[in-house]
Novice: 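This is the structure I want to talk about, given as structure tokens.
All values below were derived from every heavy atom in this structure, side-chain atoms included, with hydrogens, water molecules and symmetry-related copies excluded.
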Amino acid sequence: MVTAGILVIGNEVLSGKVEEENARFLVQRLRSLGIDLMRVCIVRDDVSVIAEEVQRMAERYTWVFTSRSEEHTSELQSHSDLVCRLLLE
């Protein structure tokens with residue numbers, strides 16, 4: 001069985017300032033591909049929190065998808081991208 005988790009990153013999503021649409025799209029697409037979605041999680045802009053959740057999902061699921069809003073700072077984006085790549089290698 002192929003499984004997946006979706007991690008949505010962003011304080012603005014948690015506060016309701018930004019409407020999250022990427023996860024909804026991914027849910028529909030994964031279902032159409034026959035991939036079992038096991039978890040959708042929204043976390044704040046904190047690299048250690050992001051790393052912890054990516055690690056947790058990577059240990060359990062075949063695929064881990066991350067999504068963030070366009071309002072992220074480039075520094076946070078660079079750090080979180082690096083953390084995700086290192087954990088998933």
Novice: Would you say Gln28's side chain and Arg31's backbone share a donor-acceptor pair under 3.5 angstrom?
Specialist: no

Novice: Which heavy atom in Ser32 sits nearest to a heavy atom in Arg29, and how many Å separate them?
Specialist: OG-O, 2.7 Å

Novice: Return yes if some donor-acceptor pair links the side-chain N/O of Thr3 with the main-chain N/O of Thr62 below 3.5 Å, else return no.
Specialist: yes

Novice: Enter the distance from Ile9:CD1 to Ile50:CD1 here, rounded to the nearest 0.5 Å.
Specialist: 4.0 Å

Novice: Starting from the C-alpha separation in whole Å, work towards a yes-or-no answer on side-chain contact (heavy atoms from CB on, under 4.5 Å) for Glu20 and Ser67.
Specialist: CA-CA 9 Å; Glu20 210 297 310; Ser67 172; 3.5 Å; yes

Novice: List the residues meeting side chain to side chain contact (heavy atoms under 4.5 Å, CB included) with Glu21, not counting sequence neighbours, and say none if there are none.
Specialist: Glu19, Arg24

Novice: With a 3.5 Å distance limit and no angle check, can you tell me whether Gln55 reaches the backbone of Met57 through a side-chain donor-acceptor pair?
Specialist: no

Novice: Heavy atoms only: give me the nearest Val64-Ala58 pair and the separation to one decimal.
Specialist: CG2-N, 3.7 Å

Novice: Mind checking what makes salt bridge (Lys or Arg N to Asp or Glu O under 4.0 Å) contact with Arg44, not counting sequence neighbours?
Specialist: Asp46

Novice: Who pairs with Leu30 by side chain to side chain contact (heavy atoms under 4.5 Å, CB included), at least two apart in sequence or on another chain?
Specialist: Ala4, Ile6, Ile35, Leu37, Phe65

Novice: Can you get from Trp63 to Met1 by hopping between Ile, Leu, Val, Met, Phe, Trp and Tyr side chains that sit under 4.5 Å apart?
Specialist: no

Novice: Measure across Asn11 and Asp45 and return the closest heavy-atom pair with its distance rounded to 0.1 Å.
Specialist: OD1-N, 2.9 Å

Novice: Answer yes or no: is there a side-chain heavy-atom contact under 4.5 Å between Asp36 and Val2?
Specialist: no

Novice: Go through Val43 and Val8 one step at a time and tell me if the side-chain contact (heavy atoms from CB on, under 4.5 Å) criterion holds.
Specialist: CA-CA 6 Å; Val43 298; Val8 178; over 6 Å; no

